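In this text, all values refer to a predicted model and were calculated from it rather than measured experimentally. Here, residue 1 is the first one in the sequence, and each next residue gets the next number.
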Amino acid sequence: MNDSCPSCLARDIAPAESRTRGDRTVDGYRCPRCGHAWATVRDLTAYSELHARRAQRRTRKEAA
C-alpha cells in the first residue's frame with residue numbers, strides 16, 4: 001500500500017520493505033524527495049472487512 005510522506009507530503013510512495021506479522025503488516029518507507037524514513041503498521045483484519053463490505057455491494061446494473 002502506497003503512502004504519503006509525513007515530512008514533505010510527497011504522495012504515492014511505495015514501501016521500501018514489508019513484513020507480515022500474524023494479522024498485521026509492517027511497511028517501511030523512505031521518501032525519495034526528502035529522505036525521511038517512517039514505518040506503518042496495519043491490521044489486515046480491518047482491511048479485509050472493508051474489502052468484504054465493498055464486494056457485497058451491488059453495482060448499479062445489478063440494482064436496476
Heavy-atom nearest pair, Cys34 first then Cys31, reads N-SG, 3.4 Å
Heavy-atom side-chain contact between Asp12 and Ser4 under 4.5 Å: no
If I compare all heavy atoms of Trp38 with all of Ile13, which pair ends up nearest, and what's the gap? CH2-CD1, 3.8 Å
One should read off an interatomic distance between Leu9 CG and Arg33 CZ, to the nearest 0.5 angstrom, of 8.0 Å
Which atom of Tyr29 lies closest to which atom of Asn2, heavy atoms considered: OH-C, 4.3 Å
Side chains of His36 and Cys8: does their closest heavy-atom pair fall under 4.5 Å? no
Any donor-acceptor pair under 3.5 Å linking the side chain of Arg24 with the backbone of Arg42? no
The reported gap from CG in Asp27 to CG in Asp3 (rounded to nearest 0.5 angstrom) is 8.5 Å
